[in-house]
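So the structure is just underneath, and the comments pick up after that.
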Amino acid sequence: QVHLVESGGGSVQAGGSLRLSCVVFGITYSNYCMAWFRQAPGKEREGVATIRSDGSTNYADSVKGRFTISKDNVKNTLYLQMNSLNPEDTAMYYCAAEYRYSGACSLNRKRNEYRYWGQGTQVTVSS
């Protein structure tokens with residue numbers, strides 16, 4: 001029914017930029033909370049940014065001012081623009097979505113509060 005397909009990962013030098021995409025199949029955006037997570041080797045998966053249906057966003061302090069989450073409802077696509085990348089941003093990045101959600105669409109939402117997940121795309125930043 002619903003699945004998310006990610007793309008846009010790769011390897012860049014510190015200071016470079018990448019744009020991740022997450023195409024949603026099987027459902028049209030409606031009363032949603034969507035998010036980007038990342039997980040580095042040996043680390044817990046952490047929330048990077050969230051966006052809800054009305055366009056409101058939240059960012060982790062570590063990426064604020066460098067990353068931008070956005071959506072295109074016509075294309076049914078979620079984006080993460082990543083600028084000024086540094087080696088600490090190296091991780092597997094995942095998009096996630098929940099529809100008709102309860103609670104807040106914030107970085108406090110847990111992994112199990114998102115029903116749908118992308119397969120992940122690797123981002124590697126070298127110094």
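The backbone N or O of Ser11 sits nowhere less than 3.5 Å from a side-chain atom of Thr124 that would complete a donor-acceptor pair. Formation of a donor-acceptor pair under 3.5 Å by the Asn58 side chain with backbone atoms of Cys105 is found in this model. Between the side chain of Tyr116 and the backbone N or O of Tyr99 there is no donor-acceptor pair closer than 3.5 Å. The main-chain N or O of Gly26 is found under 3.5 Å from a side-chain atom of Gln1 such that the two form a donor-acceptor pair. A donor-acceptor distance shorter than 3.5 angstrom exists from the side chain of Glu6 to the backbone of Gly120, with no hydrogens or angles considered. Side chain of Asp72 to main chain of Lys75: a donor-acceptor pair is present (N/O by atom type, distance under 3.5 Å, no hydrogens or angles). Of the possible donor and acceptor atoms, none in the side chain of Thr90 sits under 3.5 Å from a partner among the backbone N and O of Glu88. Between the side chain of Lys64 and the main chain of Ser62, no donor-acceptor pair closer than 3.5 Å is present.
Pairing each heavy atom of Glu113 with each of Asn108, the nearest pair is OE1-O, 4.2 Å. The shortest non-hydrogen separation linking Cys95 to Leu4 is SG-CD2, 3.7 Å. In terms of heavy atoms, Tyr114 sits closest to Ala35 at OH-CB, 3.5 Å. Considering every non-hydrogen atom in both Ser126 and Pro87, the closest pair reads C-CG, 4.4 Å. Closest heavy-atom contact between Arg109 and Cys33: CD-SG, 3.7 Å. Taking each heavy atom of Ala60 and Gly47 in turn, the nearest pair found is CB-O, 3.7 Å.
Looking only at side-chain heavy atoms (C-beta outward), Arg38 and Asp89 come within less than 4.5 Å of each other. Within the 4.5 Å cutoff, side-chain heavy atoms of Ile69 are placed close to those of Tyr59. In this structure, the side chains of Asn86 and Arg66 come closer than 4.5 Å at one or more pairs of heavy atoms. Thr68 places none of its side-chain heavy atoms less than 4.5 Å from the side chain of Leu80. Taking the side chain as every heavy atom from C-beta outward, Phe67 and Thr57 never approach each other to under 4.5 Å.
Judged by a 6.0 Å distance limit and a 45° cone about the ring axis, Arg111 is not positioned over the six-membered ring of Phe37. Note that Arg52 lies outside the cation-pi zone of Tyr32, set by a 6.0 Å cut-off to the ring centre and a 45° limit from the axis. Remark: Arg45 is not positioned above the aromatic ring of Trp36, lacking an NZ or CZ atom under 6.0 angstrom from the ring centre and at most 45 degrees off the axis.
Under a hydrophobic-cluster definition in which Ile, Leu, Val, Met, Phe, Trp and Tyr are linked whenever side-chain heavy atoms come within less than 4.5 Å, directly or via other members, Met34 and Val2 are assigned to the same cluster. Transitive grouping of hydrophobic side chains (ILVMFWY, heavy atoms separated by less than 4.5 Å) keeps Val123 and Met92 in distinct clusters. Both Leu85 and Val63 belong to a single network of hydrophobic side chains, linked directly or stepwise wherever heavy atoms of I, L, V, M, F, W or Y lie under 4.5 Å apart. The hydrophobic clustering, which links ILVMFWY residues whose side-chain heavy atoms are closer than 4.5 Å, places Val125 and Tyr93 together. Under the 4.5 Å side-chain contact rule for hydrophobic residues, Val48 and Leu107 do not share a cluster.
We find the OH-CG distance between Tyr101 and Asn31 to be 6.0 Å, quoted to the nearest 0.5 Å.
By the 6.0 Å contact criterion, CG on Asp54 is enclosed, its count of non-hydrogen atoms from other residues, nucleotides or ligands being greater than 12.
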What side-chain donor-acceptor pairs closer than 3.5 Å can you find for residues 14-25, not counting sequence neighbours?
from  : atom 1 : to    : atom 2 : distance (Å)
Ser17 : OG     : Asn83 : OD1    : 2.9

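Take Arg115 and apply the side chain to side chain donor-acceptor pair (under 3.5 Å) test, not counting sequence neighbours, and it matches no residue.
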